[in-house]
Amino acid sequence: MSFPVAGLIRLGRDADEPLSRQIYRQMRAAILERRMPAGMRLPSSRRLAEDLGVSRNTVTSALDQLTLEGFLEPRVGAGTHVAATIEALPATPRVATAAPKAARISMRGKVLSTFARRPVGMGPAFSPGVPDIRLFPHDLWGRLLRAAARRPDRRFCSYDGYDGLPALKEAIVDHLAETRGVRTEPDRVLILSSAQAALDLVARMLLDEGDMAAIENPAYSGALIAFLAAGARIVPVPVDGEGMITSVFDNERPCLVYVSPSHQYPLGMTLGLERRVALLDAAAQAGAFVIEDDYDSEFHYRGKPIPALAGLGGERVIYLGTFAKTMMPAIRTAYLILPPALVEPFRRAQRNTGQVPAQVVQGALAAFLTEGHLRAHMRRAGAVYRARRDRLVEGLARTCPQLIVDPVPDGGMQLTARFRNGDVDDQAVPSGSLPGAAIARRSAGFALARRG
């Protein structure tokens, strides 16, 4: 006789999960928990469908999947049985009703898991640095991905080239020489899975517990969390209308300095040439490395952009670039340009931490750059963002007299508005109470940054 399987299954008729999937999942759990033991004969699919009150096709879909995965075995002339091979699998205990004990988390883990950042799922309104993905050429990108998947560089289909595809490194070098005045060699480029992964790697490699790390205030929270998780002592450096006040080196000797000189994040000002030179000189004297986060410098709307710090010379600059702003965050690709002395240790460390994007994505990205698609996309998107910036500035001036935007940034993807009355606590003002909030929501891709 067959086992009354239907008694083990409880179907949710109104659930989003398909009925066949519910049957599969519950039967699989019953087999692993030994409530359906090895060798047990199942009722026919017709009988099981009648017992459950579903169509036979629904039942056979679940049984076919269980058979495919080796949980069931059909026997000619003898029906379907639970596979004898499941005896070799460890039995899965039924879910305990007692609350689980709290897991021990390391000190670094506690910092990483409790640091407050922008909630996942927030829309573009009041979210600096979020590109408008509607402007991205998705069909073109899809064709490049398919081509890269069909014709991979077989030399790098195994574990070679862990630090990045040579074709992408060369394309990045050409791109930086043309747009940022950075002259470097492909061997100094390290391809990583995100700007956050790059910051994490730099922090791990250059900071020990208690080392001093200087960071702009306000600054990108991802850099702050990377340094805190490494156990660094944070030195917040104030900014003014010309960017980071580099006189911090007069009193402190940090091991690492984080700066976003092209468009300070999130306020938007540009670090002047005189301060850039002073920062490089001070870093050299202190023996510190400078992380140059050049996250959206391609979007510049007035005059010529100042060359990158890495383009001004010196062997103390670690240049960080990303395609999250120029293309879209889902590309999940960033890169470092490293001083020669750091290349080999960073390359070995990257291999041991696995912070690398898929080869197919790298191949498509190399083609996107070398075929001129990135330049074309930046021209189109830059024109849209500039128009949105101007419209947002005009709208705020017309509808929010309590706010002032001065100066209007020369580039970037966000705008900082200040209250004319300096005593107002901006964190206490709900975004919906500002008439200009509706303007910002309509300006996806160019957001109003609230300073906190």
Side-chain angles (χ1 to χ4, degrees), residues 126-131 179-182 195 214-224 235-250 257-283 290-312 317 319-322 325-326 382 385-386 388-394 396-397 400 403-420 422 424 426 436 440 443 445-452:
F126 299 103
S127 297
V130 179
T179 62
R180 302 300 296 127
V182 177
I215 186 170
E216 300 167 315
N217 184 29
Y220 173 52
S221 60
L224 179 59
V235 177
V237 183
V239 299
D240 59 17
E242 297 180 36
M244 174 185 274
I245 300 176
T246 54
S247 58
V248 62
F249 286 97
D250 295 343
V257 181
Y258 172 86
V259 63
S260 50
S262 294
H263 304 131
Q264 199 279 335
Y265 188 91
L267 302 183
M269 71 281 289
T270 298
L271 188 67
L273 183 59
E274 184 176 340
R275 285 198 183 179
R276 294 184 184 220
V277 174
L279 174 59
L280 292 176
D281 289 344
V290 177
I291 302 177
E292 177 180 15
D293 190 345
D294 213 24
Y295 64 97
D296 73 348
S297 62
E298 289 89 347
F299 296 121
H300 198 82
Y301 314 128
R302 182 173 58 190
K304 291 190 65 176
I306 299 176
L309 279 174
L312 294 177
V317 178
Y319 182 93
L320 169 58
T322 176
K325 308 296 185 290
T326 52
Y385 294 161
R386 177 174 182 169
R388 290 177 179 176
R389 178 201 66 176
D390 295 343
R391 187 164 67 247
L392 182 55
V393 170
E394 186 276 330
L396 288 171
C400 298
L403 297 177
I404 183 172
V405 179
D406 184 32
V408 176
D410 292 336
M413 301 170 64
Q414 62 263 2
L415 192 71
T416 301
R418 293 179 173 83
F419 288 96
R420 292 181 185 276
V424 175
D426 68 325
S443 301
F446 202 99
L448 177 70
R450 299 178 70 200
R451 183 178 180 180

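The model shown is predicted, which means the values in this text are computed figures rather than measured ones. Because only heavy atoms are used, hydrogens play no part in the values below, and waters and symmetry mates are left out as well, while side chains stay in.
- Heavy atoms only, all atoms of each residue included: P218 and P266 are closest at CG-CD, 3.8 Å.
- Within the 3.5 Å criterion, the main-chain N or O of G412 finds a donor-acceptor partner in the side chain of Y301.
- Put simply, the side chain of Q264 gets close to the backbone of L267: a donor and an acceptor are under 3.5 Å apart.
- In this structure, M413 CE and H263 NE2 are separated by 11.0 Å, a value rounded to the nearest 0.5 Å.
- For the atom pair CG (L273) and OG1 (T270), the distance works out to 12.0 Å, reported to the nearest 0.5 Å.
- Counting only heavy atoms from C-beta outward, the side chains of V257 and M244 approach each other to under 4.5 Å.
- Exactly one residue among K325, E292, R180 makes a side chain to side chain donor-acceptor pair (under 3.5 Å) with S297. That residue is R180.
- Judged as a side-chain contact (heavy atoms from CB on, under 4.5 Å), and not counting sequence neighbours, the contacts of D240 are E242, I245, R275.
- Annotation: salt bridge (Lys or Arg N to Asp or Glu O under 4.0 Å) contacts of R276 (sequence neighbours excluded): none.
- Interatomic distance, Y319 OH to D293 CG, rounded to the nearest 0.5 Å: 9.0 Å.
- Here the CZ-OG1 distance, from F299 to T326, works out to 6.0 Å after rounding to the nearest 0.5 Å.
- The main-chain N or O of Y265 is found under 3.5 Å from a side-chain atom of S260 such that the two form a donor-acceptor pair.
- Shown here for R418 and D406, the closest heavy-atom pair between the two residues is NH1-O, 3.8 Å.
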How far apart are the C-alpha atoms of L396 and L415, what are their side-chain angles, what is the distance that settles it, and do they pass the side-chain contact (heavy atoms from CB on, under 4.5 Å) test? CA-CA 11 Å; L396 288 171; L415 192 71; 4.1 Å; yes
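- Taking every heavy atom of both residues into account, S262 and D294 meet most closely at OG-OD1, 2.6 Å.
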